[in-house]
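Below is one structure, written out as C-alpha cells; comments come after it.
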Amino acid sequence: MIINSIKLSGMLPRVFSSESIPDSDVWKRELTFRRGEYYLVEAASGGGKSSMCSYIFGARTDYEGTLRFNDTDTATLVISQWQELRRRNLAYLPQELSLFPELTALQNIELKNSLTGWKTREEIELWLEELGIDSRRDYPVGKMSIGQQQRVGIIRALCQPFDFILLDEPVSHLDAENNRKAARMIIGEASRQEAGIIATSVGNPLIIEESVRLKL
C-alpha cells in the first residue's frame, strides 16, 4: 500500500468537544494532505498539534470524525496493518523524541536502521557530520543538549522508507543555521521518496519555503 493522501474529515479531539471549537484550518474541516507536498502546521500550546500527529500515526484514537489513508478509514485497520504502515509508509518524530537516554547517539540511530536496513553506515555518519553532532556520536543521548537530541531524532526518523513524515516541533531548540541544515536534509530525503512532510510548530517552524501553511 502506498499512502497518496491523508484525509481528515470533521476531526476534533474529544477533549475539545465540550469547549468552543478553536479557529482552525484542521479541526472540523475537510482537509487532505497529499504525498509529495510539504505542510507546516502552526499552533499555540494546547492547540492539539501533538494529538493530530498521534492520530495520523495511529497512536491515539480519542477523536471525533474520520481519518482516511487514500479511501481507507483508519478505524478499520488492525494492529498488524498499523505495524506495516509504520515500517513502510509513516515516519514519525514525536515532540518528546522517545530516544533511549542510556544509548549513544549512534546507537539510537542504528537501532532504528537495523530494523529497516534503509541507510548505510556511511550515510548516517555523513548526516551526523552535516548536523554538527559527529563529535557526539558516542555520547549517551541523556547527556546531550535538547538541540543535539533533536538532531539525533531527525536522523533516526529518516532511517526508513515513508510516504509521509510527521515531525512534531522538530527544531524547537535549534538555531536558524541548524534549522536550515535539518530542513535541507529532511526535504532531500522526502524528495528522493516523493514523500510528503507534515511538520508542526509553536513558534520556531522548520524552514521550508515552498510549503502549505495551516493554523491549528
Side-chain angles (χ1 to χ4, degrees), residues 3 5-17 19-60 62-69 74 90-98 131 145-147 149-158 162-191 195-216:
I3 301 178
S5 64
I6 298 173
K7 303 174 183 178
L8 283 59
S9 180
M11 284 189 69
L12 185 71
R14 291 196 186 118
V15 70
F16 290 160
S17 298
E19 306 172 4
S20 59
I21 298 174
D23 180 19
S24 171
D25 296 321
V26 177
W27 303 134
K28 300 297 287 186
R29 306 285 185 179
E30 298 294 321
L31 174 64
T32 300
F33 296 110
R34 301 189 185 281
R35 183 170 175 241
E37 297 185 359
Y38 307 153
Y39 302 86
L40 292 176
V41 183
E42 299 180 276
S45 181
K49 58 183 178 46
S50 295
S51 297
M52 182 195 71
C53 291
S54 295
Y55 298 156
I56 294 173
F57 197 63
R60 290 172 53 189
D62 56 317
Y63 60 85
E64 299 174 355
T66 305
L67 172 63
R68 290 184 174 87
F69 295 157
T74 60
L90 296 171
Y92 181 30
L93 177 62
Q95 181 183 347
E96 66 275 12
L97 302 176
S98 297
L131 290 186
S145 71
I146 298 300
Q149 290 181 30
Q150 284 186 321
R151 283 173 272 178
V152 173
I154 288 168
I155 295 172
R156 184 191 59 179
L158 294 174
F162 56 87
D163 299 322
F164 284 87
I165 184 166
L166 311 169
L167 303 160
D168 191 9
E169 290 193 66
V171 294
S172 59
H173 288 76
L174 299 189
D175 59 24
E177 180 181 358
N178 281 308
N179 186 329
R180 290 189 182 90
K181 290 178 180 178
R184 283 197 299 269
M185 183 179 296
I186 293 164
I187 292 169
E189 187 63 25
S191 178
I197 299 171
I198 303 174
T200 73
S201 168
V202 293
N204 185 28
L206 188 67
I207 299 175
I208 304 179
E209 294 182 1
E210 297 182 5
S211 61
V212 178
R213 289 182 175 262
L214 300 169
K215 177 183 177 183
L216 190 62

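Throughout, residue positions are numbered sequentially from 1 according to the sequence presented.
Using a 4.5 Å cut-off on side-chain heavy atoms (C-beta onward), L158 and I165 make contact. At a threshold of 4.5 Å between non-hydrogen side-chain atoms, the residues M185 and I155 count as touching. Side-chain contact check for F164 versus I56: every heavy-atom pair is 4.5 Å or farther apart. The side-chain heavy atoms of F33 and L214, taken from C-beta on, include a pair separated by under 4.5 Å. In this structure the side chain of R14 reaches within 4.5 angstrom of the side chain of E64, judged on heavy atoms. Considering only heavy atoms from C-beta on, R68 stays 4.5 Å or farther from T74 through its side chain. Looking only at side-chain heavy atoms (C-beta outward), D23 and K215 come within less than 4.5 Å of each other. At a threshold of 4.5 Å between non-hydrogen side-chain atoms, the residues L206 and N179 count as touching.
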Intermediate values then yes/no, side-chain contact (heavy atoms from CB on, under 4.5 Å), L8 and V26: CA-CA 8 Å; L8 283 59; V26 177; 3.8 Å; yes

side-chain contact (heavy atoms from CB on, under 4.5 Å) assessment of L67 paired with I6: CA-CA 7 Å; L67 172 63; I6 298 173; 3.7 Å; yes

Candidate pair K49 and V202, rule side-chain contact (heavy atoms from CB on, under 4.5 Å), full reasoning: CA-CA 9 Å; K49 58 183 178 46; V202 293; 3.1 Å; yes

Check against side-chain contact (heavy atoms from CB on, under 4.5 Å), L90 and F69: CA-CA 11 Å; L90 296 171; F69 295 157; 3.9 Å; yes

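The aromatic rings of Y92 and F57 are tilted relative to each other, their planes meeting at an angle between 30° and 60°. Ring pair Y63/Y55 is tilted by interplanar angle, where 30° to 60° counts as tilted.
In this structure, E37 CD and E210 CD are separated by 11.5 Å, a value rounded to the nearest 0.5 Å. Between the SG atom in C53 and the CG atom in D168 there is a gap of 4.5 Å [rounded to 0.5 Å]. A distance of 8.5 Å separates CE in M52 from CG in L31, rounded to the nearest 0.5 Å. To the nearest 0.5 Å, atoms CZ (R151) and CG (L97) are separated by 12.0 Å. With rounding to the nearest 0.5 Å, the separation of CG in L174 from CD in Q150 is 5.0 Å. Here the straight-line distance linking atom CG of L167 with atom CD of Q95 works out to 12.5 Å at 0.5 Å rounding.
Without hydrogens or angle criteria, S191 side chain to I187 main chain gives no donor-acceptor distance under 3.5 Å. Between the side chain of S201 and the backbone N or O of G203 there is at least one donor-acceptor pair closer than 3.5 Å. Checked by atom type and distance alone, the side chain of S211 pairs as donor or acceptor with a backbone atom of I208 at under 3.5 Å. Proximity of a side-chain donor or acceptor of R34 to a complementary backbone N or O of G196 within less than 3.5 Å is not detected. Within the 3.5 Å criterion, the main-chain N or O of S24 finds a donor-acceptor partner in the side chain of R29. Between the side chain of W27 and the backbone N or O of G10 there is no donor-acceptor pair closer than 3.5 Å.
Pairing each heavy atom of L93 with each of P170, the nearest pair is CD2-CB, 4.0 Å. Smallest separation of non-hydrogen atoms from S9 and E30: OG-OE2, 2.7 Å. L131 and N178 get closest at one heavy-atom pair: O-OD1, 3.9 Å. Shortest non-hydrogen contact noted between A157 and A91 is O-CB, 3.5 Å. V171 and A182 make their closest contact through CG1-CB, 4.3 Å (heavy atoms, listed as atom of the first residue, atom of the second, distance).
Looking at E169 and T200, their side chains never bring a donor and an acceptor atom within 3.5 Å of each other. R60 and S51 share a side-chain donor-acceptor pair at under 3.5 Å. With no hydrogens or angles considered, no side-chain donor-acceptor pair links S172 and N204 at under 3.5 Å.
A salt bridge links D163 with R35: the distance from a Lys NZ or Arg NE/NH1/NH2 to an Asp or Glu carboxylate oxygen falls below 4.0 Å. Ionic pairing of E42 and R213 is present here: one or more N-O contacts between side-chain nitrogen and carboxylate oxygen are shorter than 4.0 angstrom.
Around atom CD of E96, more than 12 heavy atoms belonging to other residues, nucleotides or ligands sit under 6.0 Å away.
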